[in-house]
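The structure under discussion appears below in the form of structure tokens.
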Amino acid sequence: MFIRSKIITFAHYIYLGNQMQLYPLKFQPLPKERIWGGTRLNQIANHQSANSHIGETWDVSALEDNDSEVVNGFLAENTLSELLEVYMSDLVGDKAYCKHGNRFPLLVKLLDATDKLSVQVHPNDEMAQANGEPNGKTEMWYVLEADEDAEVILGFNKEVTKEELEERMQNQTFSEVLNYQKVAKGDVVFIPAGTVHAIGKGCMMLEIQQASDTTYRLYDYDRLQKNGQPRQLHTKQAFEAIDYKNWEHTITHTHGIEEIEDVIDCDYFTCNLLHFKNPKEYDISDIDSMVLLSVVEGSVEITYEEGKITLERGETTLIPAAVETLTILPEGEAKLLETYIK
């Protein structure tokens, strides 16, 4: 294991000690072509792609074959997984490292839904682990942009049973029990594992989720891929994954007026919306966790002991747990989504 940008061995890292302090990390986005993707992610700094069907970018990820690479500072060209192996709890926090070890627990994405996504559901931890996976997938969306008529599917509009859903899938009345809700810029959608959901067309989202890529598709509108074949459905697994007891879900409409606005607080992550009008010291010394700062409106400059970084709308930085204070300077007004693990 070595820090490639400086050609430093792990032993050399130990010797240097305080000369190699952790700092806010930016990563190279990993673009993903999707049948429902478009071009709006090209508007986000450092997210430009020649492909016109980029449905999502993975912006902070340590999943296998999708390992984010640092683009700033002396750790540039090292992956998130490599940094976790070296810095351990200094990177993610004592509690997170004790629970997850060298597996980074979260995944941050941007999504551009030019067309609607499939109706789908994710497994909870118990089901995922029974199938040999480390964890399930609870997630949330922050709406960065939405067309006037944009909507999402979030759970059901009434209580249903597995048997009723199976029958409705057969007679093509499945959509009648889905809960369609309008969304607008600044809305927050929380999707616990087991919740049937889908993003409608005309939405650009920031997504925070458990580190998992397991999705069970129930319905995909009979769309065909480039090869002329429909995408695979996972109806049997989906019916097993659905949480039939918790079928009612609502959308949170953020205000962005308060300096700190509570957004999501669940077992897997906590999210707050921060509103900056003036330069301010950002003290996170009492949080035993890395902090992900995602700019959802405006832009900011973040200064720290060794330097500074700039974040534009849609960009995310990882603040290592070992970092205690920063200074955040907004350009005008800015809103940032703050994510950490309790």
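Along the sequence shown, residues are numbered consecutively beginning with 1.
At distances below 3.5 Å, at least one donor-acceptor pair connects side-chain atoms of S289 with backbone N or O atoms of I341. One N or O on the side chain of N157 and one on the backbone of E176 form a donor-acceptor pair closer than 3.5 Å. Remark: the backbone N or O of N42 is paired with a side-chain donor or acceptor of Q48 at under 3.5 angstrom. In terms of modelled atom types and a separation under 3.5 Å, the side chain of Q43 and the main chain of T39 share no donor-acceptor contact. A distance-only check finds a donor-acceptor pair linking the side chain of Q209 to the backbone of S212 [under 3.5 Å]. Looking only at distances, no side-chain donor or acceptor of K116 sits under 3.5 Å from a matching main-chain atom of G202. With D147 contributing its side chain and D149 its backbone, the two residues share no donor-acceptor pair below 3.5 Å. Side-chain atoms of H249 do not come within 3.5 Å of backbone N or O of L154 as any donor-acceptor pair.
Salt-bridge formation is detected for the pair E145/R40: a Lys NZ or Arg NE/NH1/NH2 atom is positioned less than 4.0 Å from an Asp or Glu carboxylate oxygen. The pair R231-D220 meets the salt-bridge criterion, with a side-chain N (NZ, NE, NH1 or NH2) lying under 4.0 Å from an Asp/Glu carboxylate O. A salt bridge is absent between K162 and E167: the closest approach of a Lys/Arg side-chain nitrogen to an acidic carboxylate oxygen does not fall below 4.0 angstrom. R103 has no carboxylate O lying under 4.0 Å from a charged side-chain N of E64, or vice versa, which leaves the two without a salt bridge. We find that E259 and K280 are joined by a salt bridge, their nearest charged nitrogen and carboxylate oxygen being less than 4.0 Å apart.
Side-chain contact, N51 with S49: no donor N or O sits under 3.5 Å from an acceptor N or O. A donor-acceptor pair shorter than 3.5 Å cannot be found between the side chains of Y97 and D288.
Here the CD1 atom belonging to I191 is positioned 11.5 Å from the CD1 atom belonging to I208, to the nearest 0.5 angstrom. Atom CD of E77 sits about 10.5 Å away from atom CD of E82, to the nearest 0.5 Å. The CD1 atom of I264 sits 9.5 Å away from the OG1 atom of T270 when rounded to the nearest 0.5 Å. Atoms CD and CD, from Q28 and E69 in turn, are 7.5 Å apart once rounded to the nearest 0.5 Å. For the atom pair E85 CD and T79 OG1, the distance stands at 7.5 Å (nearest 0.5 Å). In this structure, CD in E33 is found 11.5 Å from CD in E56, a value given to the nearest 0.5 Å.
Hydrophobic clustering (ILVMFWY, side-chain heavy atoms < 4.5 Å, transitive): M204 and L117 are in distinct clusters. In this structure, I284 is a member of the same hydrophobic cluster as L336, with clusters built from ILVMFWY side-chain heavy atoms closer than 4.5 Å. In the hydrophobic cluster analysis, where Ile, Leu, Val, Met, Phe, Trp and Tyr join through side-chain heavy atoms closer than 4.5 angstrom, V295 is grouped apart from L111. Hydrophobic clustering (side-chain heavy atoms under 4.5 Å, transitive across Ile, Leu, Val, Met, Phe, Trp, Tyr) groups I302 together with L318. Following chains of ILVMFWY side-chain contacts shorter than 4.5 Å, one cannot reach L107 starting from L84, and the two form parts of different hydrophobic clusters.
A128 and N135 make their closest contact through CB-O, 3.2 Å (heavy atoms, listed as atom of the first residue, atom of the second, distance). Between D187 and H253, the closest heavy-atom pair is OD1-ND1, 2.8 Å. Contact record, D67 with L80: OD1-N, 3.6 Å, taken as the closest heavy-atom pair. Annotation for L91 and M290: closest pair O-CB, 3.1 Å, computed over non-hydrogen atoms. Minimum heavy-atom separation, P279 to P330: N-CD, 3.7 Å. For the residue pair D59 and S68, the shortest heavy atom distance occurs at O-OG, 3.7 Å.
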Legend entry - T138 vs T195, side chain to side chain contact (heavy atoms under 4.5 Å, CB included): CA-CA, chis, key distance, verdict: CA-CA 9 Å; T138 286; T195 304; over 6 Å; no
Inset, instruction - Verify salt bridge (Lys or Arg N to Asp or Glu O under 4.0 Å) between R313 and E297, making sure each step is shown before the conclusion. - result: CA-CA 5 Å; R313 183 189 65 125; E297 193 168 319; over 6 Å; no
Legend entry - Criterion side chain to side chain contact (heavy atoms under 4.5 Å, CB included) on K137 and T214, from CA distance to verdict: CA-CA 7 Å; K137 184 176 175 182; T214 301; 5.8 Å; no
Legend entry - Full working for side chain to side chain contact (heavy atoms under 4.5 Å, CB included) between E305 and Y23: CA-CA 8 Å; E305 188 175 346; Y23 56 92; over 6 Å; no
Inset, instruction - Carefully, step by step, assess D94 and S89 under the rule side-chain hydrogen bond (donor to acceptor under 3.5 Å, both in side chains). - result: CA-CA 5 Å; D94 291 333; S89 62; 3.2 Å; yes
Inset, instruction - List the steps, then state whether side chain to side chain contact (heavy atoms under 4.5 Å, CB included) holds for T317 with V60. - result: CA-CA 8 Å; T317 182; V60 183; over 6 Å; no
Inset, instruction - Verify side-chain hydrogen bond (donor to acceptor under 3.5 Å, both in side chains) between S118 and Q120, making sure each step is shown before the conclusion. - result: CA-CA 6 Å; S118 61; Q120 56 191 243; 2.9 Å; yes
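Sorted by first and then second residue, the side-chain hydrogen bond (donor to acceptor under 3.5 Å, both in side chains) pairs involving residues 332-342 (not counting sequence neighbours) are D265-K342, N272-E338, H275-E333, Y282-E338.
Under the 6.0 Å distance and 45° angle rule, K32 counts as a cation-pi partner of W58.
More than 12 heavy atoms of other residues, nucleotides or ligands shown are found within 6.0 angstrom of NZ on K158. H53 NE2: 12 or fewer foreign heavy atoms inside a 6.0 Å radius. Shown here is K95, whose NZ atom has no more than 12 heavy atoms of other residues, nucleotides or ligands within 6.0 Å. No more than 12 heavy atoms of other residues, nucleotides or ligands sit less than 6.0 Å from atom CD of E331. Annotation for E281: atom CD counts as buried by contact number, over 12 foreign heavy atoms lying within 6.0 Å.
With sequence neighbours excluded, the residues satisfying ring-ring contact (aromatic ring centres under 6.0 Å, His included) with H197 are H122, W141.
Looking at H255 and E261, their side chains come closer than 4.5 Å, going by heavy atoms from C-beta outward. Contact annotation: the side chain of L106 approaches that of L292 to within less than 4.5 Å [non-hydrogen atoms, C-beta and beyond]. Using a 4.5 Å cut-off on side-chain heavy atoms (C-beta onward), V296 and L206 make contact. No side-chain heavy atom of D112 sits less than 4.5 Å from a side-chain heavy atom of T57. Proximity of Y87 to V92: side-chain heavy atoms (C-beta onward) are nowhere separated by under 4.5 Å. L63 places none of its side-chain heavy atoms less than 4.5 Å from the side chain of F104. Here the side chains of N72 and F27 are not in contact, with every heavy-atom distance at 4.5 Å or above. Considering only heavy atoms from C-beta on, E164 comes within 4.5 Å of R168 through its side chain.
Taking Ile, Leu, Val, Met, Phe, Trp and Tyr as members and joining any whose side-chain heavy atoms lie under 4.5 Å apart, directly or through other members, the hydrophobic cluster of F156 also contains V119, V121, M127, I153, V160, L165, M169, F174, V177, L178, Y180, V196, Y216, L218, Y219, Y221, F239, I242, Y244, W247.
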